[in-house]
Structure formats: structure tokens, C-alpha cells
Number of protein chains: 2
Amino acid sequence: MYANFSETIINRLSIYMHYLIEQEEQGKQLVSSYDIAQVCGVTAGLVRKDLARFGKFGVKGVGYDVAELCEGIKRILGLDHPLRVAIIGIGTLGSYLLSFQEFFNGNYEIVAVFDTNPEAAITCIASETGKPVNILHLNHLGEVHEAHQIDIAMITTIPSEAQEATDHVVQVGIRGILNFTSSHVKVPMGFVVKNIHFVNVQDSLIYVLQFSQYG
Amino acid sequence: MYANFSETIINRLSIYMHYLIEQEEQGKQLVSSYDIAQVCGVTAGLVRKDLARFGKFGVKGVGYDVAELCEGIKRILGLDHPLRVAIIGIGTLGSYLLSFQEFFNGNYEIVAVFDTNPEAAITCIASETGKPVNILHLNHLGEVHEAHQIDIAMITTIPSEAQEATDHVVQVGIRGILNFTSSHVKVPMGFVVKNIHFVNVQDSLIYVLQFSQYG
DNA sequence: GGATGTGAAGTCGTTCACAGCT
DNA sequence: AGCTGTGAACGACTTCACATCC
């Protein structure tokens with residue numbers, strides 16, 4: 001296993017990987033650090049440094065084999081086997097996540113959707129995606145986790161219910177949590193939460209715009 | 001205006017600010033760097049350093065006035081006046097963004113929604129939010145921008161149409177772009193793109209989970 | 001020739017400890 | 001006593017330049 005590197009570096013590896021997946025789908029076999037750098041918005045030297053931390057993936061004078069490097073990064077990230085995801089709370093956001101499974105590039109699988117009011121939700125989903133989706137009451141989270149070993153729970157409830165939903169997730173022993181709500185949630189040691197708040201990105205965009213005026 | 005600080009720092013200011021807005025709504029008047037630090041997941045010293053870069057906001061021995069600090073950060077970020085947003089492409093993601101206007105805490109206003117197929121979209125939206133929403137053909141983007149001075153365009157089309165939509169946005173002169181699609185988009189100098197790809201966060205969550213086993 | 005891998009240098013971000021104000 | 005503001009020490013990240021290999 002690869003020692004504990006910083007989130008900054010790991011996040012870039014993820015970006016590189018998704019670029020490589022794209023290239024692989026388009027049939028490209030070889031890329032250079034310059035190719036990766038340009039698309040991902042970093043310098044070529046940094047790409048090489050990032051990769052060199054984890055081993056030697058390239059061939060001097062030639063570049064990187066797309067499929068090989070992609071597999072290498074997947075191994076580093078822990079994405080070399082399929083990962084199971086549960087969605088907790090099925091409003092507009094939950095149904096969006098369901099409909100965009102293609103985002104996941106095959107690494108993730110949504111195994112179940114939970115809500116405290118599953119009947120009301122079913123109509124919503126059916127009209128959105130056209131797919132039949134199994135929506136279960138949150139009480140069944142434990143059984144499903146026992147049966148399928150869920151890696152990540154996505155919290156997509158309304159903000160005021162986020163902590164309660166998270167407590168439930170923690171209680172059944174799912175250790176990875178993606179919090180899409182605007183509330184902060186707390187978990188005990190050994191569990192990991194990552195927040196996805198696009199508003200912060202939006203705010204920093206506004207900040208940068210102040211300094212990028214023409215002239 | 002406040003000189004060009006790094007995205008890391010600006011992103012934290014945004015996180016602090018949203019915490020302060022929450023506290024203000026709950027009637028709290030005073031916070032310490034320790035309060036902010038605990039909720040936002042950083043150290044108290046870092047909070048003070050971050051703020052000190054931009055001026056003196058607190059009172060020694062006392063703490064920070066919530067409303068005052070909140071206003072201060074808004075001024076730094078450029079959020080001290082309402083900002084106008086357009087949504088380009090109205091599928092499940094676009095309708096989610098519409099329905100979550102409360103996320104924005106009053107700083108942002110969605111002035112219009114555009115699509116290349118507005119008729120098809122209208123039904124989708126109406127059933128989602130229950131609100132009447134004006135969906136216009138993308139051809140009208142220029143007029144609306146003239147009339148309302150749009151600050152940010154959110155690209156929420158299907159990935160294969162992202163670049164085309166972005167080109168349109170650039171052409172009418174909207175300089176801030178939030179790209180929610182999985183495609184990379186290119187813009188000329190003077191324009192700013194920020195990507196919102198939760199998959200990268202999800203990937204890094206998986207990485208971290210490898211090292212947080214019990215025991 | 002062309003691209004990687006890497007030490008060394010340089011920059012940037014964070015922690016620490018404490019002086020100073022209330 | 002409590003909490004901010006800040007220089008100094010520390011550590012992490014990034015760039016640079018070049019030796020190295022295909």
C-alpha cells in the first residue's frame with residue numbers, strides 16, 4: 001500500500017486518471033507529461049514529480065502507456081476493484097446522482113437508495129430517470145451493508161437531517177461518507193467525511209474574477 | 001482590493017463565511033478562532049493567520065464579532081453585492097441547482113435558465129420545483145447578459161455539448177464559468193473556469209479510507 | 001531528438017510560542 | 001484569565017535544470 005500522501009496530490013492523481021480514461025476510450029495509447037499537464041492545468045514537471053512519488057510508470061524518451069498508467073493510478077487510489085455506494089436521501093440531488101452513473105467511469109456502483117419516506121420518493125425517481133430503482137427505508141441500511149459491504153454513503157438529505165442520517169451510517173459501520181448537504185456532520189474516529197460544497201468553489205471564482213479584468 | 005491570494009486560502013475563507021452566516025442566523029454575536037477552527041476542521045492559529053492577512057477583524061481577549069467578520073470576508077471575496085447566475089442546460093443537474101437556491105445564502109440570484117431545447121425542459125422543471133421558471137433558448141443569452149450583467153454561467157449540459165455551450169458564454173462576454181460537466185473546457189485569456197467534479201473528491205475519499213482502518 | 005526521473009533551490013503554507021490587548 | 005495578532009521555525013509543495021535512457 002502507498003503511504004499517506006496529501007489530499008492535494010491525490011486529488012491531482014484522480015484528475016490525471018480521468019483524463020487517461022478519456023484518452024483510453026478514444027484509442028490513444030501513449031501520452032507525455034506535457035499532454036497530461038496541458039489538459040489538467042498544471043506543469044509537466046509537476047506531473048512527473050507526482051507520478052515519481054509512487055514508482056516509475058514511464059519510459060524515457062517515449063512517454064507513458066495510457067492503459068498501464070491508468071491502472072497504476074487506480075491501484076494507488078484503491079480503485080482497482082469495484083466500489084459500492086449507497087445514496088441516503090432521494091430528492092433532486094439524489095436523483096441527479098442516480099442519473100449520472102456514467103460519471104463514475106465504471107469504478108463505482110450504486111447498490112441501493114435509502115430514504116425515510118421511500119414511497120413518496122419512488123414517483124420522483126421514475127419520472128426522472130425512467131429506470132426502476134429500488135428505494136428502501138433507512139431501517140434496512142444495516143442488512144444491505146451486511147450483504148453488500150458498502151464502501152461509501154452519499155448523504156443527500158435535506159441539511160437538517162444530515163447529522164441523523166450520518167449517525168445511522170456510522171452505526172451500521174460504513175466508514176466513507178460524502179456529505180453533499182450544506183450542514184457540517186460529525187463522525188467518530190476511524191470514519192472519514194468529505195464535504196462536497198460547490199458554493200465554496202463558486203465563491204472563490206468570484207474572488208478570482210476581481211483580478212482578471214481585461215487590461 | 002485585496003491582492004491575489006491562493007485558492008487554498010480563499011476556499012477556507014468561504015468555508016469560514018458560511019459558518020458565520022449560520023451562526024448569525026442562530027443569533028450568535030461572538031465567535032473565537034477556536035470555534036471557527038473546530039467546525040471547519042483546521043487549527044485556531046491558522047484561522048487567525050488567514051484573517052490577519054487581510055486586516056484586523058477581532059478584539060484581543062474577546063474574539064470576533066460575527067456580523068462584522070462575515071461582512072469583512074464578503075468584502076474580500078467580492079460577495080458584498082448580489083451576484084447574477086445563469087444556468088446553461090437544464091437536465092437533472094440544472095433543476096437540482098434551481099431547487100437549491102437556499103444553498104446560496106442570499107449572495108447569488110439565478111436570473112435565467114437556457115437550453116437549446118427549452119420546450120422539452122419546461123415540463124421537467126415544473127414537476128421538480130413547482131415554481132414557474134423562464135427557460136430561454138440559448139440564442140437569447142446575449143440579450144439577457146446585456147440587460148442583467150451576468151457574473152457566472154453554470155455549464156450543466158451533457159458533457160459532449162459543454163465546449164459548445166462554453167464558447168457561447170465566452171462569445172457574449174460572461175467571464176466566470178462553473179463547469180459541472182465531466183468534460184474539460186477551454187476559454188481564452190481573461191475568462192475563468194472552475195470545475196466542479198465530485199468524482200475527484202470521491203476518489204480521494206477511497207484513498208484515505210485505505211489508511212484509516214481500525215487498529 | 002525527445003521525454004522521463006530527480007536532486008537542489010526556491011516558494012509557499014502551517015505550526016508554534018508568546019507578546020499584547022481587554 | 002482569555003483570545004487575538006505575529007515573528008520565527010518548520011515543513012510541504014513546486015519549479016528548475018539536467019543527467020539519463022529509449
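Just so you know, these numbers use all the heavy atoms, side chains as well, and skip hydrogens, waters and symmetry mates. Chain naming here is simple, since letters A, B, ... match the order of the sequence lines and numbering starts at 1 in each. A quick note: this is a predicted structure, and the numbers were derived from the prediction, not measured.
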Does any N or O in the side chain of B:Arg75 come within less than 3.5 Å of the main-chain N or O of B:Asp80, such that one atom is a donor and the other an acceptor? no
Please report the distance, rounded to the nearest Å, between CG in B:Leu69 and P in D:dT4. 10 Å
Identify which nucleotide among C:dT14, C:dT15, D:dT4 has an atom closest to any side-chain atom of B:Thr8, counting heavy atoms from C-beta outward. C:dT14
Residue mapping more 5' on DNA chain D - nearest nucleotide basis, A:Gly61 or A:Leu46: A:Leu46
Let's go through A:Glu164 and A:Thr157 carefully: what are the C-alpha distance in whole Å and the side-chain angles of both, what is the deciding distance for side-chain contact (heavy atoms from CB on, under 4.5 Å) to 0.1 Å, and is it a yes or a no? CA-CA 10 Å; A:Glu164 198 185 326; A:Thr157 62; over 6 Å; no
Taken to the nearest whole Å, CZ/B:Phe57 to C1'/D:dT4 is 13 Å
Rounded to whole Å, please give me the gap between OH in B:Tyr16 and P in D:dT4. 12 Å
Can a donor-acceptor pair under 3.5 Å be found between the side-chain atoms of B:Lys49 and the base atoms of C:dT15? yes
Rounded to whole Å, NZ of A:Lys60 lies from P of C:dT4 at a distance of 11 Å
With a cut-off of less than 4.0 Å, is there a side-chain N or O of A:Thr43 near OP1 or OP2 of D:dT15? yes
Between C:dA19 (P) and B:Lys56 (NZ): distance, integer Å: 17 Å
Residue pair B:Arg48/B:Arg53 against DNA chain C: nearer the 5' end by closest nucleotide is B:Arg53
Which of the following nucleotides, C:dT22, C:dG5, C:dA17, is nearest to the side chain of A:Tyr64? C:dG5
When you measure from the side chain of B:Ala52, which nucleotide among D:dC13, C:dT15, D:dT6 comes out closest? D:dT6
To the nearest Å, give me how far apart CD (B:Glu7) and P (D:dT14) are. 13 Å
Side chain of A:Val59 (C-beta onward), nearest among D:dC22, D:dT6, D:dC13: D:dC22
Quick check: does any side chain N or O of A:Tyr207 sit under 3.5 Å from a backbone N or O of B:Phe5, one acting as donor and the other as acceptor? yes
Interatomic distance where CG belongs to A:Asp50 and C1' belongs to D:dT15 [whole Å]: 13 Å
Might you work through the side-chain contact (heavy atoms from CB on, under 4.5 Å) test for B:Val85 and A:Gln202, ending with a clear yes or no? CA-CA 10 Å; B:Val85 176; A:Gln202 183 165 349; 3.8 Å; yes
Spacing between A:Leu51 atom CG and D:dC13 atom P, to the nearest angstrom: 16 Å
Residues in residues 31-38 of chain A with a heavy atom under 4.0 Å of DNA chain C, by number, are A:Ser32, A:Ser33, A:Tyr34
As a test of understanding, state which of A:Thr92, A:Leu178, A:Asp115, A:Ile87 forms a side-chain contact (heavy atoms from CB on, under 4.5 Å) with A:Thr156. A:Ile87
For the pair A:Ile88 and A:Leu141, evaluate side-chain contact (heavy atoms from CB on, under 4.5 Å) and give the outcome as yes or no after the intermediate values. CA-CA 9 Å; A:Ile88 319 285; A:Leu141 183 61; 4.1 Å; yes
Donor-acceptor under 3.5 Å (A:Ser183 side chain, A:Pro159 main chain): yes
